[in-house]
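Working notes, structure below.
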Amino acid sequence: MPTFERPKPVGVAVASLSKTFNGKVALNDVSLTIDPGSFVVLLGPSGSGKTTMLRCVAGIERPTSGTIDINGTRVAGPKTFVNPEKRGVAMVFQDYALWPHLTVRRNIAFPLTNSERSKEVRHGRVEGLLERVGIAHLADRYPNELSGGEQQRVALARALAADVGLILFDEPLSNLDADRREQLRLEIATLTREAGATAIYITHDQSEAFALADYVGVLNKGSLIQFDTPEIVYRRPVNCFVTRFTGISGEFAVASVHDRTDEYVEVSLPFAPSHHVRARANDNGDRLESLKLFVRSSGVALNGETHDQGVGGEVVDVAFTGRGYEHVVSVGEGATLTKIFSTRRFERAAHVKVSFDPSECFVMNAREEEE
């Protein structure tokens, strides 16, 4: 069967990128470099700037200032703006954006309309993608005859058919139910990497981001807060926002500091002054009243009340998750820990002990939230 040559992945360089809408800042001096062939996920809440960033790279939005280079070519900057169709970019939209009057086969073939390749090669490419994405049996149907997951597969196949080195994903799984999301997430990761393309993918779901990404960029209020591997973003968050947005079980004011090294600090909490919690130090030695302890759910162990270590608490709620149980535990004075996993079920109102893994706890300077 005739096949296409594998496209060469491209690099993306963004420098001092800003975008305002009617005086409101959507992007604020964002810079990052994306290596060819990497899968980058931009993670952030609604209004963080991630969609604007993607649309600027695609050429749908024109930046207010700053530059964008794709594969070493300037596509946006002072007196420079390359239109979307000339950037060598494919995009998978949240709402699929399929042509309603075209069949599945013709939707996938659409990016090849003006290709210089022979009809036989184009046909082979489309038929191969229909098989690879698992929708060959739907080839002659129209978009309104497909489920959401099937439409998103068509959109993915169409992006791959474009034979480009950069694919942009605009929250493609947000309209799907949990089962289809998980399955299609795996297919997106596998097929994009098989295609040899660079990917920029945006989401507000941290578990989705960590599962997909080679690198994660966390945005908030138009600024890029941290850009690194998923492991470093999770284990070495740079501030309170990144820590909180990437998933915590609880956060507490620090009552006192007892010991400190370059990497760890030992603190006590208002509801347990005699119990010392060891945590990663990311507080820069700031004043006590600005310090908070953040605890990952993966850093909390739950034991019976007779256990010889830990902070005493009471189970407020318990939920069966299939692989075990998630608990909500009150540890005193209105302080609560959530999503504490255990293969053992602790009933509501049970008295328990919770202990903390220092590598999954962080003492942070909360002063940034006052500014």
Side-chain angles (χ1 to χ4, degrees), residues 43 45 206 210 216 218 220-221 223-316 326-342 351-371:
L43 174 67
Q206 57 94 2
F210 291 157
V216 173
V218 184
N220 186 37
K221 298 178 181 178
S223 296
L224 182 65
I225 308 301
Q226 187 168 4
F227 184 70
D228 220 311
T229 64
E231 294 85 357
I232 290 178
V233 171
Y234 189 78
R235 296 170 183 163
R236 302 279 183 164
V238 296
N239 64 11
C240 295
F241 173 80
V242 175
T243 310
R244 189 181 293 117
F245 196 74
T246 50
I248 58 171
S249 176
E251 61 178 273
F252 312 106
V254 170
S256 56
V257 176
H258 302 281
D259 192 20
R260 184 188 298 273
T261 66
D262 289 340
E263 188 172 3
Y264 288 96
V265 59
E266 197 171 276
V267 301
S268 60
L269 307 173
F271 54 83
S274 62
H275 182 85
H276 295 182
V277 178
R278 194 162 176 257
R280 290 189 182 275
N282 192 23
D283 59 300
N284 302 318
D286 279 282
R287 65 185 191 270
L288 181 62
E289 58 267 29
S290 69
L291 300 185
K292 280 190 176 181
L293 173 71
F294 292 85
V295 181
R296 299 279 194 212
S297 57
S298 55
V300 184
L302 195 57
N303 296 289
E305 65 176 322
T306 59
H307 195 73
D308 58 356
Q309 292 183 345
V311 176
E314 181 178 328
V315 176
V316 175
E326 282 190 351
H327 301 80
V328 177
V329 178
S330 171
V331 286
E333 297 184 11
T336 303
L337 290 161
T338 63
K339 298 182 180 179
I340 306 176
F341 177 78
S342 176
H351 293 282
V352 293
K353 290 282 186 68
V354 292
S355 55
F356 305 99
D357 178 351
S359 66
E360 302 283 349
C361 299
F362 310 93
V363 171
M364 294 278 182
N365 171 23
R367 188 183 300 175
E368 63 180 52
E369 298 179 310
E370 303 168 4
E371 297 174 351

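As the structure is a prediction and not an experimental result, all values here were calculated from the model.
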| field | Selection residues 327-339 - residue pairs positive for side-chain hydrogen bond (donor to acceptor under 3.5 Å, both in side chains), sequence neighbours left out | value |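 Every candidate side-chain hydrogen bond (donor to acceptor under 3.5 Å, both in side chains) pair involving residues 327-339 fails, so no pair, neighbours aside, qualifies.
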
Show me the donor-acceptor pairs, under 3.5 Å and distance only, between side chains in residues 266-275 and residues at least two apart or in other chains.
residue	atom	partner	partner atom	Å
Glu266	OE2	His276	ND1	3.1
Ser268	OG	Ser256	OG	2.4
Ser268	OG	His258	NE2	3.0

| field | Side-chain heavy-atom pair Phe241, Pro45 within 4.5 angstrom cut-off | value | yes

| Do Arg244 and Met364 touch side chain to side chain, with heavy atoms closer than 4.5 Å? | no

Which value, rounded to the nearest 0.5 Å, describes the distance between [X] atom [atom1] and [Y] atom [atom2]?
X: Asn239; Y: Phe245; atom1: CG; atom2: CZ; result: 12.5 Å
X: Arg280; Y: Phe362; atom1: CZ; atom2: CZ; result: 6.5 Å
X: Leu43; Y: Ile225; atom1: CG; atom2: CD1; result: 11.5 Å
X: Gln226; Y: Asn220; atom1: CD; atom2: CG; result: 12.5 Å

| field | Counterpart residues, salt bridge (charged side-chain N to carboxylate O under 4.0 Å, His left out), relative to Arg236 (two or more places apart) | value | Glu263

Enumerate donor-acceptor pairs with a distance under 3.5 Å from any side-chain N or O in residues 297-310 to protein atoms, sequence neighbours excluded.
residue	atom	partner	partner atom	Å
Ser298	OG	Tyr234	OH	3.1
Ser298	OG	Glu360	OE1	3.1

| Passes side-chain contact (heavy atoms from CB on, under 4.5 Å), Phe252 versus Leu337? Steps please. | CA-CA 10 Å; Phe252 312 106; Leu337 290 161; 3.6 Å; yes

| task | Just jot down the side-chain hydrogen bond (donor to acceptor under 3.5 Å, both in side chains) partners of Arg296, sequence neighbours excluded, or say none. | result |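 With sequence neighbours excluded, Arg296 shows a side-chain hydrogen bond (donor to acceptor under 3.5 Å, both in side chains) to Thr246, given in chain and number order.
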
| Short question: side chain of Asn282, backbone of Val238 - any donor-acceptor pair under 3.5 Å? |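 Yes; at least one donor-acceptor contact below 3.5 Å.
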
| said: Run the side-chain contact (heavy atoms from CB on, under 4.5 Å) test against Phe341 and tell me which residues pass, sequence neighbours left out. | reply: Thr321, Arg323, Thr343

| After noting the C-alpha distance and the side-chain angles of Val233 and Gln206, does the key distance pass the side-chain contact (heavy atoms from CB on, under 4.5 Å) rule? | CA-CA 11 Å; Val233 171; Gln206 57 94 2; over 6 Å; no

